[in-house]
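Only one structure is covered here, and it is reproduced in the block below.
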Amino acid sequence: MRIGVFVCHCGSNIGGTVDVPGVAQVARAYPDVVFSSDTMYACSEPGQAAIVDAIREHALDGVVVASCTPRMHEPTFRRTVERAGLNRYMFEMANIREHVSWIGKDREANSNKAAELVRMAVEKLRLNAPLYPKSFDVTKRVLVIGGGVAGIQAALDCADGGIEVVLVERESTIGGKMAKLDKTFPTVDCSSCILGPKMVDVSQHPNIRLYAHAEVEKIGGYVGNFKVDVRRKATYVDWELCTGCGLCMEKCPSKKSPDAFNEHVGVTTSINIPFPQAIPKKAIIDPTSCRQFVKGKCGVCAKVCPTGAIRYDMEDQVVTEEVGAIITATGYDLFDYTRYAEYGGGRYPDVITSLQYERLLSASGPTGGHVKRPSDGKEPKTVVFIQCVGSRDRSVDRPYCSGFCCMYTAKQAVLTKDHIPDSRSYVFYMDIRANGKMYEEFTRRAMEEYGVQYVRGRVSMIVPQGDKYLVRGVDTLLGEQVEVPADLVVLAVGAESSHGAPQLAEKLRISYDNYGFFMESHCKLRPVETNTAGVYLAGACQGPKDIPSSVGQGSAAAAKVLGLFSRGRLESDPQISQVDVRRCVGCGKCITTCPYGAIEWMELRGEMKARVIETVCQGCGICTVTCPQGAIQLQHFTDNQILAEVNALCLS
Amino acid sequence: MPVLKGKELRVVGFLCNWCSYGGADTAGVGRFSQPTDLRIIRVPCSGRVDPMFVVKALLGGADGVLVSGCHPRDCHYSQGNFYARRRLETLKTFLPALGIDPDRFQYTWVSASEGQRWKNVVSTFVEKVHQLGHAPRIEEAAPYLPLAEKGDTLPAPLRPLAWPAAGTLTASLEQLREKIRAALPELDCVIGWQQGFDALHATPLFMRKPEDVDKLTWGPLNVHNLATYLPQFKNRKVGVVVKGCDSRSVIELLQEKLVEPDNVRVFGMACEGVVDVERVRKAMEPAEGAACTDVAPAAVAVEGDGLAFEGDTPVRLKLADVVAEKCRTCDTPVPLLGDVVEGNASAPAGPGPDAPPSLEALDAMTPEQRRGFWRAQMDRCLRCYACRNACPMCVCRDHCIAESRDPHWTTQEGNVREKLQFQVIHALHLAGRCTECGECQRACPVNIPVLALKQWMNRSVLTLFDYRAGVDVNAVPPLLAFAVEEKNIKEHGL
Amino acid sequence: MDVTNLESVRDDDFIHAVMEESGQDLTHCYQCGNCTAGCPCGFAYDIQVSQIMRNLQAGRKDKVLNSRSIWLCLSCSSCTTRCPNNIDVARVMDVLRHIARREGRVAERGVTTFWDAFLASVRKHGRVYELGVVANYVARTGRVWTDIDLLPRIAPKGKLSPMPHGIQGRDEIARIFQRYEEERTR
Amino acid sequence: MMSFARYIARGELARALDDMARGRVAYAPRREGDAVVFRPRAEGEEPLLARATVPPKGVIFPQSERLFAFIREKDPNDPGRTTVRLDSTVDIEPALIFGGRPCDARGFHIFDRVYLNGPYRDPYYAARREATVVVTLACTKAGSTCFCHWTGCGPADATGSDILLTPVGGGDEGGFVAMAVTERGCAVLEQANLPEADAARMDAAQAVHAATQAALDAQSPAPDLSATPARLLERFSDADFWRDMSDKCLSCGACTYLCPTCYCFNITDENDGGDGMRGRRLRSWDNCMSSLFTREASGHNPRMGKALRLRNRVGHKFSYYPQLHEGVVSCNGCGRCITGCPVSVDIREMVVRATQANEETPNA
Amino acid sequence: MNLAYYPGCSGLGTSREYERSTRAACTALGVKLTDIPDWSCCGSTPAHALEHALSGALSARNLVGAAKVGCDTVATPCPSCLSNLKTARHRMADDGFRAKVGRLLDQPAEKLADLPDVQSVLETLVTRVGLDAIRAKVRQPLAGLRVAPYYGCIMTRPADVMRFDDPENPTSMDDLLTALGAEVVPFPYKVECCGASYGVTRRDIVARLSGRLLGAARDAGAHAVVVACPLCQMNLDLRQTQVEWPGGRAVDMPVFYFTQLLGRALGVPDAELGLEQLCVDPAIAFRRAAQAVAARQAEEAALAAKAAAKAAQAKQAASANEGGRA
């Protein structure tokens, strides 16, 4: 080989603590190195030009650049060598900035270390081989998982962009959390007034196929060609026939079904349509409370249904959909506040969650929009809001800020004043996080115009006292212990990952954090992408988010999908595993361990061998370690390449 | 290039590209000063880190090796670090067997944002390595060959070990032969044993014709594990005769789909222990240094708990004194699957010992002694690979990395390091798969006690994964699987 | 009130000593005030417990060690139990008392006098002699009327031992105290 | 040649060896673990008289040896120009092998025919062979796998040796009759200042030779192997025969590496670490039982299965070699391949069955 | 399980009745208690407020003593002792701390495993004996007795050391008392501090905190407060005359040790339970309970009569109906 080595000063970033010309000099003695030089800024226009010139002048067939981290400029220099006619994989980087010059001041040690890192890069490069990507076809359909506002936005944007959308929603209606809200901050818009039309658009869009009351069961394939099994759970009502007239709900004799849509404030009928604006507006039977299921006799709904849509014998059904990309918009769930025993742990009827309060405020809620406390139906006059319940609390493993509680609490306090003009609200808070457009102004209005009493401090305990609740807290600004006798206490419960999120992540083969939120590819620069090609994130499944951010992400994810599909064919990364069929003994260990299902059996002259599906392999190399005889090798990180680096260091 | 004037030690790091390499970058961007010793090798994922890289580095002169990946659940490839955790923890528990201080190898998790943590990890680890100083080299250890050989007093076997009376044994054997004769027409052949070159040695028998079946023998000389032959009969129907211990190898082969359940017929009988020919030689104790062929008796008869040797000077040896080490702790005298003539195998008399004798001996050594021990033992290794070829689980055979130049894991250098390295490869490749049949050691023409390495590994696997190979056809070997929360793997404090 | 110069009041050694001895990371405190909110004795404090924590973060040794609050803490662990940052606040308060005692700073003499009387009794008898403790306390503080109102309520119940219940291993207990004092002076 | 004989009393052996080995590294059997191997002997060390598990061939033909080192050197003015310098200095010390048996010593004779006296003279082998004195111990016992008397060797065969020692007498009274077989043997024996072996002792030695020979004959009368080379060739394509013979073979290399006559090797280059500019060319033992032995660069392997490989091994020893070397078989009947084989593959059985024409093979 | 018993110093003095009733109840339930030979004071708050190693040493001496008589668990009725013993053991998991403690002792514990586990008598009874077994042995159910269970502040806290019940809302004593037939009133101050040992030095603190507790019990309609702690009992019972009653309305509120009510329900004679040693007359509680039972019976009788009348009416109507159809 003919290798060229370029050692970068990076101004004084490297040159300050590394003898850069010295390293270049030493490198000249390394095997196959025919050219080396130091350069002020390798990544600059002239720096790159010098590399191109050297490749041409010295007929180099491999290049090592010793400069910053490859995570920064590897793509840059790969393009550089490509410009000079080399294969982009005939290039290696030695990280002598982040890993050398920036972490120590001992010039001698640094120079020595830099030279060794160059040596390792040279040894690896000597075993590099040109690699070439392959291209494949794309199925231009997208799966959107979750029909909350983020999923709705993503689905609509994709559908408007002209691609077919499969939208899968776990509940029997789309709308998600937003559909449960009364108003939205900071404009105090009616939530269902702004969401409703979008929901209707979903139901009417010719490009959208909606599966409500359904869940994703299995995902196979890879970017461009996923195969998804969707389980349509039994609703016991034939939705083709159901017109959503609601007669069954009127007549249903079983009225004790848990009312999940109303956050369990009150109960509902066993057959029901969750709310008037539900999409699809179809009835569904709760078999855990329905008399027909529990007692084996009733059949009232079947009798009254004008279209004969009731199907007590309905079973789950699995449908398979082929898509080229997936947008995950599974949202969030609420922190279970019963873990706070000092707030009653669920024993006090008038200590409720913020979302329950939202239903009390909502005109479509169980109280018709009249705020009545659950215990005795009285209108509360003193309402205490406690923030950060299940947020910023290491003791319950929720150290993160849920982000939107400050704002909705301010909104609820404002609405409380609107609903009950002679009421007084207290908000116990630690810090007010109002960093959105018009957010700070909104919280100020709550205090200034609506007289909401903000108390800086946490609440230690809630003690029932007569028909009130003594809220015992602190005002840290006063430096005093304080207490408020309240009629109603509203807990601003934090957001946590949607239940079942980790299981879904494993099906999608994407990562999730300690709390079950999905991991984006890069926190700043690739916020809606995941590390699995073709899988995108939208909304609170990635972390707590308010409505504008969720909608923004829904659109962003849709844009990513449309961008992906705008190319006729996709290219696969050639840094993938490859099987040497002559050495493969067909033990199947690689097939067992591959996290992507990217290795399959094939028959070769009567013997079973492993074969890598190039488009599915992501290049992790788990298989290479698993293969005892090293027959499957991860290209660009082969055993021999890594051994060459180890030997450069350890063989003497 | 030499390590900097004795100031630095040789510390090698393997970092996953997505998290830890990024974490090290972040530490650099934050200008967090760190020891200069570490040399980082970038790999895509901690799941790409073959434990053998670590061994290669440590045997080759590294003073410390650090592997770092994404935090569990944060893996870029979703599962790589889960596999890595199992592999690397297994390796860490194995290193002491070689006399390598396990503190010289550490693995941990650092995310791309944890620059401060990376600095701490590097500083702590390098400081630890400096405390330990230069790594002693195995090839420089003082040879250590404890003279207490296996002829010496051993703990009593777990079971009484008594073969049935000659008549009963013959009847049972005849029953077994009948089964085989009946099955033979559908099979390519049935593998069993017959008498070998002298009365003390049996040899494998490949029965193809009914009259071959007459040659089948059964008794304590049937030392071979015939399951070793099965994988080569791919796509052909074959029968095999097994002892209890051998049956575990068959189970493991079935489990790993290295043989097809439809293509293998298993025959077996209860076993009361097989001899260790070396031990017989010693028990007969002729002139110093005599070989087993020098003591070959004219005939050997099984008499309950003993063996009668006919010859110039008739001798009776107690089975308990001459059985193979594996028989002492055997708890599967009756094959676990197949067409089995049960006989009445003796039941375990009590709980098994904590460790088999050779493992106990290895345990008792200091790390320095262990290095000296392997140096002295491996010195005479001929690299004939009988250990590998006799191993029922070694299915790569002709493609084994021991001899391949690609990948180039070992050289043809005749030194202890290369020889030991192969044994480590063998032990690591067998982790969670080895049924401790002991064929590796029995096959060794120069009697290197390589079984102890596998015993050590098996103990690790049992402790870490609560797993024993070759008992459940439906199990998955632990290193081919993972758990999101590992019950028995603790985070190492870094 | 004077302007506090944050540089000059900060005693880093003190911060480290408290962190080291209590094993608690004071930087974890974000001043939510929950410790104060739940403190049963807050009404009697001169500095609320969350402000003790804040003063500790600021390294204000004198302010903290001279406070009465650290002596009035009831060790009930409400603060520890409810701290969202898992800080064992009660243990921090304990450690502050240790440091204050070492430095001879005691803002609530009565409390420490009672404790000293208690420990003296343990040292002498191996077990606490209740009447002896009260008598000792009264003698040291001169508060002769202490709980005299309770005497008629308790006297007839036959619960107060007139004599200490000394143990055989008294010397052993005394040695514990002796070694403790030796270690301390070392 | 038998004219020069000395007597070494049992108690004098160590001292005599010290003297004979003056200026040489003396290799003698030593017990290591459960094996007996040849190791450099310390002065005064009482030698083990056991037959070694591994023959002493490695002293002259090492398991792995450096043929030369290569050093790449760069032109300081043009790093693109690299020259390669070789360093083939071989460090060979004068040596003495004590305690090998006639079958071991005769192995060197088999080697000599290939590496010394054949068309190519192997300088490495030659140098070591020149520098090494072979002091052999005649056998007094017939092991169950001994068949030296079939192959032209024997319990007192002196081929390949410089000195032959025969144990005479028993216990402390006993000693060794040492007969110099070569000039070099004479010289070495002279160094030891030993009494001449008297006639009685010479007779005793003869008697020992005869008795051992008789024991071997009784154990297994030597078959007539004169037709074997041809018969083996006739058997060449009898697949069933070789399948039956090789069924149990594990394809390991124990037999070849334990064989005193197997001389095959492999050559590989290994790089040093360090600056990456140095490396070594190694010659190491190779064995025909390994699949890699005949694998060609294309991946094609003319001896794919173990049957073909075993056929080669037997054929080489008992057919191809004798045809090139005046009928001398390249097997000394030491039996190590049988005892060392994990599954007791028996070369005697193969030779005998191949020789018996038209054996009861189904195809015949 | 071999159970060592650590009574605590107050068991020899102000909480004699706790000590007596504990032993009596354990005997009645067949729980064997082995006394720790020559046990000594744990040092209580004064020791841990002075120095942790000293506190640890005073506790460890007893743990070592318990281990010496072959016990693997130490049970103690007193939460203060419990807290000290348990904390000492918890901290001694740290080698440095254990060594420090060891330097103060004549006979230190070599390793953590040498130290027995520690639990409260309450924990022993509810986890080892079990509520079912206790319920089966109840002879005189505490019918009609409305009780406020008060656990004290350190029985369950800090949670990671005590590892028993919920730190904020423990229920083990509630369950036990319910099993005995008593009626447990909702009592929000189960774990709020009573003022602890500040009775002597800062009577004002105890007066306020204990007053709040007694007031809450009063307002919840409790006939008595039930406690598991000698110090709490002293503050609530002996000092009841000193407390500040919320709203100024003082009542006589008997304060039982839970073991006394347990013993009573199991049929242990009152004399063995030391009921006479309580300051506020326990009879008050039993009297109120009896009244409550009587009132309830009267109410039930009235209800039953009403229901019977209604049923009769319905029957009449039904038969009339049936007659009509026929």
Side-chain angles (χ1 to χ4, degrees), chain A residues 1-7 23-37 54-55 57-62 64 112 115-127 580-585 604-607 609 629 631 640-641 643-652, chain D residues 64-66 68-87 239 243 249-253 266 268-282 284 286-287 289-309:
Chain A
M1 262 187 98
R2 295 179 62 82
I3 294 173
V5 174
F6 301 86
V7 188
V23 172
Q25 173 68 35
V26 173
R28 216 158 290 152
Y30 293 156
D32 291 348
V33 173
V34 301
F35 173 81
S36 84
S37 79
I55 291 172
E57 188 182 334
H58 297 278
L60 304 179
D61 51 10
V64 169
N112 178 64
E116 283 197 7
L117 294 184
V118 172
R119 170 79 209 293
M120 287 159 65
V122 167
E123 288 297 340
K124 166 143 195 291
L125 178 61
R126 292 175 76 196
L127 297 173
D580 178 350
V581 286
R582 287 173 306 177
R583 304 201 65 232
C584 174
V585 298
L604 184 75
R605 293 188 213 110
E607 285 186 71
K609 305 276 187 185
Q629 76 276 28
N640 279 348
Q641 287 172 317
L643 277 171
E645 294 181 85
V646 173
N647 287 342
L649 291 172
C650 295
L651 207 68
S652 48
Chain D
S64 176
E65 66 181 316
R66 193 197 79 165
F68 53 78
F70 48 85
I71 303 106
R72 298 190 192 87
E73 281 164 347
K74 283 196 166 183
D75 181 339
N77 300 317
D78 178 5
R81 293 172 73 90
T82 304
T83 48
V84 177
R85 187 163 59 81
L86 299 185
D87 170 9
R243 181 201 65 192
C249 171
L250 296 171
S251 272
C252 73
N266 188 14
T268 50
D269 287 354
E270 300 294 353
N271 279 305
D272 277 340
D275 60 5
M277 300 294 280
R278 294 154 201 281
R280 285 140 297 133
R281 175 153 298 173
L282 300 177
S284 51
D286 200 354
N287 80 83
M289 309 308 288
S290 153
S291 153
L292 293 178
F293 188 77
T294 46
R295 195 169 73 196
E296 296 165 5
S298 66
H300 172 67
N301 194 338
R303 288 188 209 140
M304 259 322 273
K306 61 185 180 181
L308 303 187
R309 303 200 281 267

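Per chain, numbering begins at 1; letters A, B, ... match sequence-line order.
With a 4.5 Å cut-off on side-chain heavy atoms, A/Val34 and D/Arg81 do not count as touching.
Rounding to the nearest 0.5 angstrom, the gap separating the CD atom in D/Glu270 from the CG atom in A/Asn647 is 9.5 Å. To the nearest 0.5 Å, atom OH of residue A/Tyr30 and atom NZ of residue D/Lys74 are 10.0 Å apart. A/Asp32 CG to D/Arg72 CZ: the interatomic distance, rounded to the nearest 0.5 Å, is 7.5 Å. Here A/Arg28 contributes atom CZ and D/Asp75 contributes atom CG; the two are 12.0 Å apart, rounded to the nearest 0.5 Å.
For A/Pro31 against D/Gly276, the heavy-atom pair with the smallest separation is CG-O, 3.2 Å.
With a threshold of 4.5 angstrom between heavy atoms, A/Arg582 approaches chain D through side-chain atoms but not through N, CA, C or O.
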